[in-house]
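Here's the structure we're looking at; comments come further down.
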Amino acid sequence: MTRRLLSASMVMAAAIVASTSTVAAHASTHVGVPVNAMLFKSSKTVNITLKNATSEALTIQVGANSVTVAAGASAKVAATKGDKITRSNGEVVLNSVDGQFNDATITLK
């Protein structure tokens with residue numbers, strides 16, 4: 001009886017070791033890189049439309065560039081992610097440009 005119990009225990013231990021080694025082998029070959037990170041490169045340029053809803057022309061600072069938007073008109077600008085958009089008087093329009101603002105329209109009042 002003891003011999004059967006011992007041999008059954010050895011067979012169970014061998015089966016456990018064999019199954020965990022294949023699981024460990026499969027887990028170690030998996031590369032955890034998202035597919036979209038490899039296929040879709042994110043652009044650093046964000047296209048924004050600035051719409052002037054006031055009755056006078058506005059000068060807007062987009063990063064290092066300055067843009068004048070005529071009264072009632074719109075202007076398309078290309079900003080870099082992280083740029084700050086301010087009015088000529090220093091009032092902040094957008095603290096930091098992010099990719100979520102791509103192809104967005106910002107109305108200036």
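Heavy atoms only: backbone and side chains are in, while hydrogens, waters and symmetry mates are out. Numbers here simply count residues along the sequence, with the first being 1.
- With values rounded to the nearest 0.5 angstrom, Thr80 atom OG1 is found 9.0 Å from Lys44 atom NZ.
- Minimum interatomic distance between Leu50 and Leu108 (heavy atoms only, all atoms of both residues): CB-CD1, 4.3 Å.
- Here the side chains of Lys84 and Val92 are in contact, with some heavy-atom distance below 4.5 Å.
- Legend: residues meeting side-chain hydrogen bond (donor to acceptor under 3.5 Å, both in side chains) with Asn52, ordered by chain and number and at least two apart, are Thr54.
- Between Ser66 and Thr59 the shortest side-chain heavy-atom distance falls below 4.5 Å.
- Of the inter-residue distances, the one linking Lys51 atom NZ with Lys109 atom NZ reads 9.0 Å to the nearest 0.5 angstrom.
- Residues Leu58 and Thr68 fail the side-chain proximity criterion, which asks for heavy atoms closer than 4.5 Å.
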Could you walk me through whether Val93 and Thr86 pass side chain to side chain contact (heavy atoms under 4.5 Å, CB included), step by step? CA-CA 5 Å; Val93 175; Thr86 58; 5.8 Å; no
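- Contacts of Glu91 classified as salt bridge (Lys or Arg N to Asp or Glu O under 4.0 Å), with partners at least two apart in sequence or in another chain: Arg87.
- Closest of all the heavy-atom pairs between Val46 and Gly99 is CG2-CA, 4.1 Å.
- Proximity of Val77 to Asn65: side-chain heavy atoms (C-beta onward) are nowhere separated by under 4.5 Å.
- Contact between Phe101 and Ile48 at its shortest, heavy atoms only, is O-CG1, 3.7 Å.
- Residues in residues 94-103 take part in no side-chain hydrogen bond (donor to acceptor under 3.5 Å, both in side chains) pair, two or more places apart or across chains.
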